[in-house]
Protein chains: 2
Amino acid sequence: MTQTYTIGELGRLTDTKVETVRYYERIGLLPHPPRSSGNYRVYDRAHLGRLGFIRRARELGFSLEQVRELLELSGQDAQPCEQVDELVQTHVTDIERRIHDLQTLRQELTQLLAQCQHGKVAECRIIEALQPHVDGQTAA
Amino acid sequence: MTQTYTIGELGRLTDTKVETVRYYERIGLLPHPPRSSGNYRVYDRAHLGRLGFIRRARELGFSLEQVRELLELSGQDAQPCEQVDELVQTHVTDIERRIHDLQTLRQELTQLLAQCQHGKVAECRIIEALQPHVDGQTAA
DNA sequence: CTTGACCCTGTAGTGACTACAGGGTGGATA
DNA sequence: TATCCACCCTGTAGTCACTACAGGGTCAAG
Ligand SMILES: [Zn+2]
Ligand SMILES: [Zn+2]
Ligand SMILES: [Zn+2]
Ligand SMILES: [Zn+2]
């Protein structure tokens, strides 16, 4: 009637390594499930749903702390979703900052690559850009 | 004549925490410097240059393993800079992949935010998108 | 001679897993 | 029934690049 799953089945259904499922339990993201006579974890559909939630949130780049909050909020059906939106907006802003940082980096690196004349290492613009500025100060 | 630095001075000059300098030494990125009578590390301009190189490379997003290779390559003045370029190109490709992934993420999240009607959590599109698909399967 | 800024070593914590080692369980097969 | 093998269990340690102590020692100024 009420379907149950072993940890391996749960893992297969949510694309999660068994070790990761146990890790989520250890840090309190998943509840301790009941155990079988042989001490195996016995999961039900509620566990499956919760783990699915966690994994989708992770795929969307939320941290486990944020996942924890989202799980908490998702239980408060009758509350306005303001806090959810706020959390997501924060995450989007963070992602945008990271995109920006990476684009800056990419720009710098491609410029260096473009300046390289493909000669000896001694003249390579890339190595040069990493070397300390040797201007002045040879003697104190 | 030949200027020396304490670890703290080196840190200040390269914007590196003292612990981080020691860490670099521990993992073999920086050589063990000579010690003073009081067992203090005594650095010279070569150390300063090397640490500067490491820090600039880190700012450009290279991993410590890549930094290690870059340091190695930078010593081979007479060799062609092919391997340097290759390493940098690999890094750029990696950055581009990360940018792409983040842009996809951003797209997904902003779409969810746009769909939210700001009602109760129970109807929130974001929470919905994270919940498991409840289609069918209510009974086996 | 005491203060306080600096230095030393060694260990443990971060995030989010992942990878064992060393065992126990459960169902199918010979 | 014995044996096999896939699966499960716990506990610990490794990853990356630091960072943060705790518990001391050193050194120059006042
Ligand atoms: Zn080149
Ligand atoms: Zn080059
Ligand atoms: Zn809303
Ligand atoms: Zn909403």
Side-chain angles (χ1 to χ4, degrees), chain A residues 4-30 32-44 47 50-51 53-71 90-91 94-95 98 101 105, chain B residues 4-30 32-44 47 50-71 90-91 94-95 98 101-102 105:
Chain A
T4 63
Y5 311 90
T6 66
I7 196 169
E9 285 164 350
L10 212 67
R12 248 165 276 131
L13 288 168
T14 58
D15 198 24
T16 312
K17 295 230 160 83
V18 164
E19 289 93 338
T20 306
V21 180
R22 287 196 282 249
Y23 169 69
Y24 289 159
E25 179 181 333
R26 210 161 61 239
I27 64 170
L29 264 190
L30 279 178
H32 297 289
R35 299 296 183 111
S36 73
S37 59
N39 200 31
Y40 283 19
R41 287 171 178 81
V42 179
Y43 295 102
D44 60 22
H47 293 105
R50 193 172 172 96
L51 181 53
F53 187 105
I54 295 168
R55 297 302 280 179
R56 270 184 291 280
R58 291 288 300 129
E59 274 172 32
L60 290 171
F62 292 101
S63 72
L64 288 185
E65 256 325 289
Q66 289 174 322
V67 173
R68 218 183 277 274
E69 288 181 61
L70 284 170
L71 281 165
T90 300
H91 185 39
D94 186 52
I95 286 170
R98 279 150 66 192
D101 290 354
L105 224 53
Chain B
T4 64
Y5 311 91
T6 66
I7 196 169
E9 286 164 351
L10 211 67
R12 249 165 275 131
L13 289 167
T14 58
D15 198 24
T16 312
K17 295 227 159 86
V18 164
E19 290 93 337
T20 306
V21 179
R22 286 197 284 249
Y23 168 70
Y24 289 159
E25 179 181 331
R26 209 161 61 238
I27 64 170
L29 265 190
L30 279 179
H32 298 288
R35 299 295 182 112
S36 72
S37 58
N39 199 33
Y40 284 19
R41 287 171 179 81
V42 179
Y43 295 102
D44 60 21
H47 293 107
R50 193 173 171 96
L51 181 53
F53 187 106
I54 295 169
R55 296 303 281 180
R56 270 185 290 280
R58 292 287 301 129
E59 275 172 30
L60 289 171
F62 292 100
S63 71
L64 287 185
E65 255 325 287
Q66 289 174 322
V67 173
R68 218 182 277 276
E69 287 180 62
L70 284 170
L71 280 166
T90 300
H91 184 40
D94 186 52
I95 286 170
R98 279 151 66 192
D101 290 355
L102 286 172
L105 224 54

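Every chain is numbered from 1 and lettered A, B, ... according to where its sequence line falls, protein lines coming before strand lines.
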### Summary
Among D/dT19, C/dC17, D/dT10, the one nearest any side-chain atom of A/L64 is C/dC17

### Distance in angstrom units between B/E19 CD and C/dT14 P, rounded
17 Å

### Query
Are A/E25 and A/R22 ion-paired here, with the side-chain N under 4.0 Å from a carboxylate O?
no

### Message
Any base atoms under 4.0 Å from A/F62, or only sugar-phosphate, or nothing? Heavy atoms, all strands.
### Response
nothing

### Message
Looking at the base of D/dG25, is there any donor atom on it, or on the side chain of B/Y40, that sits under 3.5 Å from an acceptor on the other one?
### Response
yes

### Summary
Whole-Å distance, A/Y23 OH to D/dG14 C1', equals 14 Å

### Task
Determine: side-chain N/O of A/R41 to OP1/OP2 of D/dC9, distance under 4.0 Å, yes or no.
yes

## Note on the structure
Between CG of B/N39 and C1' of D/dG24 the distance, given in whole Å, is 13 Å

### Summary
Here the distance between atom P of D/dC9 and atom NZ of A/K17, to the nearest Å, is 17 Å

### Task
Return the value, rounded to whole Å, for the distance between atom CD of A/E25 and atom P of D/dT10.
7 Å

### Query
Of the candidate nucleotides C/dC8, C/dA19, C/dA16, which contains the atom at the shortest distance from the side chain of B/R35?
C/dC8

### Task
Scan B/S36 against the nucleic acid and name what it touches under 4.0 Å (heavy atoms): base, sugar-phosphate only, or nothing.
nothing

### Query
How many Å lie between CG on B/L51 and C1' on D/dA17, as a whole number?
14 Å

### Task
Measure the distance from NE2 on A/H32 to P on D/dC8 and round it to the nearest whole Å.
19 Å

### Query
Base, sugar-phosphate, or nothing for B/I27, non-hydrogen atoms under 4.0 angstrom?
nothing

### Task
Give a yes or no on whether the backbone of B/D15 and the side-chain of B/R55 come within a donor-acceptor separation of less than 3.5 Å.
yes

### Task
Calculate the interatomic distance between B/R22 atom CZ and C/dT9 atom C1'; express it in whole Å.
8 Å

#### Entry: Heavy-atom side-chain contact between A/L64 and A/Y23 under 4.5 Å
yes

### Query
Does any donor atom in the side chain of A/H91 or A/D94 lie under 3.5 Å from an acceptor atom in the other side chain?
no

### Query
Taking only N and O in the side chain of A/T6, is any of them less than 4.0 Å away from OP1 or OP2 of C/dG26?
no

### Summary
Testing C/dC17, D/dT19, D/dC27 for proximity to the side chain of A/T20, the answer is C/dC17

### Query
Taking the side chain from B/S36 and the backbone from B/Y40, do they hold a donor-acceptor pair closer than 3.5 Å?
yes

### Task
Give a yes/no answer on whether the side chain of A/R58 brings an N or O atom under 4.0 Å of OP1 or OP2 in C/dG15.
no

